[in-house]
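Within every chain, numbering begins at 1; the chains are lettered A, B, ... in the order of the sequence lines, protein sequences first and strands thereafter.
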Amino acid sequence: MFQIFTDFASWLVYGQIGLTAETKLGDALHFFVEDVSKIFVLLLLMIYIIALVRASLNIERVRDYLADKHKGLGYILGSTLGAITPFCSCSSIPVFLGFTSAGIPIGITMAFLVTSPLINEVAVLLLVSLLGWKFTLLYVVVGMGIGIISGVFLDFINAQRWLKSFAAEALERGRQESNVADPHEVESTITMLERHRFAVEETTDIFGRVWKWVILGVGLGAALHGFVPDGWIETHLGDGQWWSVPAAVLLGIPLYSNATAVIPVMESLIVKGLPVGTTMAFCMSTVAASFPEFILLKQVMQWRLLAVLFSLLLVAFTLAGWLLNIADPFI
Amino acid sequence: MKTVKVLGSGCKKCIKAAELVEAVALELGVEVNIEKESSPEAMLAYGVMSTPAIVIDETLVHSGSIPGRESVVNWLNG
């Protein structure tokens, strides 16, 4: 099914431009053209189809759904909904406050917010097309697991103590109101035409945001692919070096990016022999632990809670990386 | 004179939404006072969960996207 993109890249790079597969440049360029054309076509197609389906799912619904859930189930649901709900990091503050003022425990809210950037339809799509089903499933399970565990842990330590006072008050008020009455009822039926319009808007919006990241990510991946000698990564950053996982996590923090750009880089790293766990730890840290996101959260959280959350994520990514590296031979 | 508040974290869409309201108001000759509001307290107060959101004379009329032109015309005429 993806063969057409390989053929297209061969036609363009070897046929039209006249490079050969034996040169580094030819190899790298072929990789770049193949991946970019494949990702662009898949993105446009899949974002549209997924948006059609979920046009009626909005954040208010998610909140109402989470508001009256039993706690244990709440973490799992929070994380699942975080994975499937369309969400941009510029909305984290209103979403956080909306959930909080509906009396949803901070752990469930954070399960949603932690999972959200890690897993989304674009990430899953890229993972499946570049790294295959097995790896995608592993990524989704680990990502959701980290979201759920972070949520449980934050409630366990009573993290709401360290919210900014106005947010803590909103949480308290929300808890006392027994049932959450939604002041602005969302229209419940939507026509096919509205779905189509929403999907077109969503596709242009998401594509407009991520296309440059795809080019950047695939470009980096192509450079790795063409110019880093085979075996170099394996020798220097392979399984034997336990510190390579925390190092990858630390390296990922200042690199703020979204999943779209990191996944093509992951592909190259794995092909070049970087262990799966190390690669995944790097990717998750790049996507989910970023300074801009934390500066946003500072508006509703005290420093102490931010520090806890940050450390929690870094420890979780490192542990997940180690575990995956150990489990890798058995998968 | 209508007071229009555009709530948002300062992202591109919020700026565009504010510009749209301003342009439509100018076209219709409706006097407006447009404020951009990015504080979390304001979002909490109006119960906004997705931005950009638009509040006209203290009533939340829209949230989650750049509104359609027809809607803006309706709000400003209404």
Side-chain angles (χ1 to χ4, degrees), chain A residues 55 57-64 66-67 85-102 104 109 112-113 163-171 173-174 180-186 194 197-198 201-202 204-206 208-209 292-293 295-301, chain B residues 2-24 32-78:
Chain A
L57 179 76
N58 58 33
I59 197 79
E60 284 81 6
R61 278 212 179 156
V62 170
R63 175 197 56 197
D64 296 346
L66 283 176
T85 313
F87 171 75
C88 127
S89 71
C90 56
S91 303
S92 10
I93 294 307
V95 166
F96 183 92
L97 289 170
F99 281 17
T100 303
S101 60
I104 297 172
T109 304
F112 179 93
L113 283 180
L163 285 175
K164 285 268 169 78
S165 57
F166 76 93
E169 282 158 23
L171 179 63
R173 269 200 310 277
V180 197
D182 195 356
H184 20 269
E185 196 54 50
V186 236
E194 282 171 321
R197 274 197 194 144
F198 172 83
E201 207 175 284
E202 190 83 348
T204 37
D205 180 43
I206 298 182
R209 242 183 309 129
E293 176 80 13
I295 289 166
L296 277 180
L297 286 175
K298 176 74 186 73
Q299 296 180 311
V300 290
M301 294 178 178
Chain B
K2 284 185 192 294
T3 306
V4 180
K5 287 184 189 163
V6 179
L7 277 61
S9 47
C11 53
K12 223 158 121 198
K13 279 190 188 175
C14 313
I15 297 167
K16 276 193 185 157
E19 284 170 356
L20 176 72
V21 176
E22 204 168 356
V24 173
V32 287
N33 176 23
I34 298 180
E35 294 169 23
K36 280 183 207 148
E37 187 62 83
S38 62
S39 77
E41 285 91 344
M43 295 186 199
L44 187 62
Y46 293 108
V48 165
M49 289 182 65
S50 43
T51 56
I54 298 188
V55 172
I56 296 186
D57 290 337
E58 297 306 301
T59 315
L60 179 69
V61 293
H62 179 85
S63 77
S65 63
I66 302 174
R69 202 182 174 78
E70 321 86 77
S71 322
V72 180
V73 172
N74 282 338
W75 300 328
L76 292 180
N77 278 331

Original post:
Is atom NZ of B:Lys16 surrounded by more than 12 heavy atoms (other residues, nucleotides or ligands) closer than 6.0 Å?
Top reply: no
Original post:
Can you say whether B:Ser63 sits under 4.5 Å from chain A via the side chain, the backbone, both, or neither, judging by heavy atoms?
Top reply: side chain
Original post:
Checking heavy atoms, do the side chain of A:Phe99, its backbone, both or neither come under 4.5 Å from chain B?
Top reply: both
**OP:** Compare all side-chain heavy atoms of A:Ile104 with those of A:Phe112 and state whether any distance is below 4.5 angstrom.
**Re:** no
**OP:** Tell me, for B:Met43 versus chain A, whether the close heavy atoms (under 4.5 Å) come from the side chain, the backbone, both or neither.
**Re:** side chain
Original post:
Do A:Phe96 and A:Gln299 come within less than 4.5 Å of each other through their side chains, counting heavy atoms only?
Top reply: no
Original post:
B:Lys2 side chain to B:Ile34 main-chain N or O, any donor-acceptor pair under 3.5 Å?
Top reply: no
